Amino acid sequence: MLDLNKIRENPELVRAGLKKKGVAVDFSALLNWDVARREAVFQADQLKNQKNSTSKTIPELQKAGKPIEPILEAMKTLTAQIKEAEVTIATLEGHIETFLLDLPNVPDEDVVGGGKENNEIVSTYGQPPVFDFKIKDHVELAKEKGLIDYDRGTKLGGNGFWVYRDKGALLEWALINYFVENHVADGYEFILPPHILNYECGSAAGQFPKYADEVYVVAGTKEEKNLQFMIPTSETALINLYRGEIMNEAELPKKMFAYTPCYRVEAGSHRASERGTIRGHQFNKVEMFQYTKPEDSERALEELVAKAEKLMQGLGLHYQVSKLAAEDCSPAMAKTYDIEVWLPSLGIYKEVSSASNARDYQARRGKIRFKREGQNRTEFIHTLNASGLATSRLLPAIIEQFQQPDGSIVIPEVLRKWVGYERI
RNA sequence: GGAGGGGUACCGAAGCGGUCAUAACGGGGCGGUCUUGAAAACCGUUAGGUGUCAAAGCCACGUGGGUUCGAAUCCCACCCCCUCCGCCA
């Protein structure tokens, strides 16, 4: 959610920011509601003040044996007026909230406008491997080695599901272990959250109400705001861990990571470039998350990107880092870097990590604040998240990039202690 | 799923229609006296949110409604916790 004060102070600036995200807004209605709301709140407060002070005199009058009837009428009128004012306030607040909840975050100043085509490659690691033999693609390799059973996955769950088997399951689990080991070593707290979340979680994360149709609903409806849904990314759980809370300055930054499968409806047809495990309804991901003070979030984003890159380098994979243009960032994010791994068979780079700074956008929606040492004022914290990493595109990249002329696949050194094989 | 009990400050807990939210009382925290030091004892102090330059004001007794001149207190709905029963891969 955007800061209404900022919109009030400089609507043009916010408008220009949102324009980079391809959103055209007119704040005039919002600003009118805001003025009316503050006026109504002021009036209601005055009436309440009058009511409170009058009410206090009643027991005194009774004690003194004086009649109270004359003021009861006045009290009744006051109560009615207050109620009326509160209905007005609630209506205006409803309008304001609906308006604000619908707006995406304002991108950072250094984020360019426009869509994907404006993404900027900021760095590259390694070189695309050169093969002097006819390479196989990840689907072929995974089938041949019995790592992934696509057909039986479909039999169990339908299109978009697969089964990791045998060395494939070991490899998948090894990746998760490798990530966990790294994050723990870096002092991040390990979190295993519920896989079913409630409506407020989706709302605070910035995914609801807009994207409520893209999650698997288990119970309830979005209209009644009581729905429970399958977790689409651990980020949704992690942002909500401290929803509605006020933290101490000393607790920040709070660094954590979680592992969960991610469940997504992903409506729409799949492309040739998304065969196999590239896009599915359920995939494994380890997610890093930070709650920081506003002045620290910039640095935290760099840290998260560096951590994701470290994991990639440990695996020895060729990848690139892109800085996303405004429209390619999620609505809640002010700035996002994607880490994209090279898939030789397709000749393209595919996202394996998305690292973003939401600044105070999610914190406002989730009312997550902190208090500075010795200060009474509360401030919204900043939240950041980054995959670290998603496995469903890494495993294809590993088996493709590390395939050998003899048809075998060399397992990255860092994974061997869990996989138990040097090559498969 | 059923029955009962409960949700008040950092924790425990009192209050059960008015002057009770700078929220009794106890504990904790902080400061002090005493002590070589500590413990104990004693004395003092501390307590949410919003708003504002600062105030005032307003809001806050799980959440949302209702009754009433007035609600922590009465009524309704919902959420959560505890106990017992049922179900249980």
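This structure is a prediction, so every number in the text was calculated from the model and none was measured. Numbered from 1 within each chain, the chains take letters A, B, ... in sequence-line order.
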Closest listed nucleotide, where the reference is the side chain of A/S55 and the choices are B/G18, B/C58, B/G49: B/G18
Stepwise side chain to side chain contact (heavy atoms under 4.5 Å, CB included) check, A/Y349 with A/S322: CA-CA 10 Å; A/Y349 294 87; A/S322 289; over 6 Å; no
A/N49 side chain, from C-beta outward: closest of B/G57, B/C69, B/U67: B/G57
With A/S408, the side-chain hydrogen bond (donor to acceptor under 3.5 Å, both in side chains) member among A/K145, A/Q403, A/R423, A/E422: A/R423
A/K76 side chain near B/G70 phosphate (N/O to OP1/OP2, under 4.0 Å): no
Counter-base of B/U67, judged by Watson-Crick or G-U geometry with both distances under 3.5 Å: none
Spacing of A/D45 atom CG relative to B/C59 atom P, expressed in whole Å: 7 Å
Closest listed nucleotide, where the reference is the side chain of A/Q62 and the choices are B/G18, B/C69, B/G49: B/G18
Mutual orientation of the aromatic rings belonging to A/Y259 and A/W173 [parallel < 30°, tilted 30-60°, perpendicular > 60°]: perpendicular
Closest to the A/P59 side chain, choosing from B/U19, B/C58, B/C69: B/U19
Whole-Å distance separating the CG atom of A/N198 from the C1' atom of B/U63: 14 Å
Sole candidate of A/Y188, A/F289, A/F190 that passes ring pair (Phe, Tyr, Trp, His ring centres under 6.0 Å) when paired with A/F257: A/F190
Closest to side chain of A/N52, choosing from B/C59, B/G18, B/C69: B/C59
Between C1' of B/G70 and NZ of A/K51, the distance in whole Å: 7 Å
Watson-Crick or G-U wobble partner of B/A41, both distances under 3.5 Å: B/U33
Distance, rounded to the nearest Å, where A/I82 contributes CD1 and B/C58 contributes C1': 11 Å
Stepwise side chain to side chain contact (heavy atoms under 4.5 Å, CB included) test for A/V341 and A/Q401: CA-CA 10 Å; A/V341 72; A/Q401 287 198 28; 3.9 Å; yes
Nucleotide nearest A/R369 when distance is taken to its side chain, options B/C59, B/U67, B/G49: B/G49
Sugar-phosphate, base or nothing in reach of A/K56, heavy atoms under 4.0 Å: nothing
Closest heavy-atom pair and its distance - A/P232, A/V215: CG-CG1, 3.9 Å
Nucleotide nearest A/K83 (side chain, heavy atoms from C-beta), chosen from B/C69, B/G49, B/G66: B/G66
Spacing of A/Y199 atom OH relative to B/C79 atom C1', expressed in whole Å: 17 Å
Nearest-angstrom distance from the residue atom CE of A/M247 to C1' of B/C10: 17 Å
Between B/G17 and B/C87 - P atom distance, rounded Å: 43 Å
Short side-chain N/O contact from A/T79 to OP1 or OP2 of B/U68, under 4.0 Å: no
C1' spacing across the pair B/G48 / B/A41, given as an integer number of angstrom: 33 Å
Closest listed nucleotide, where the reference is the side chain of A/L72 and the choices are B/C69, B/C59, B/G49: B/C69
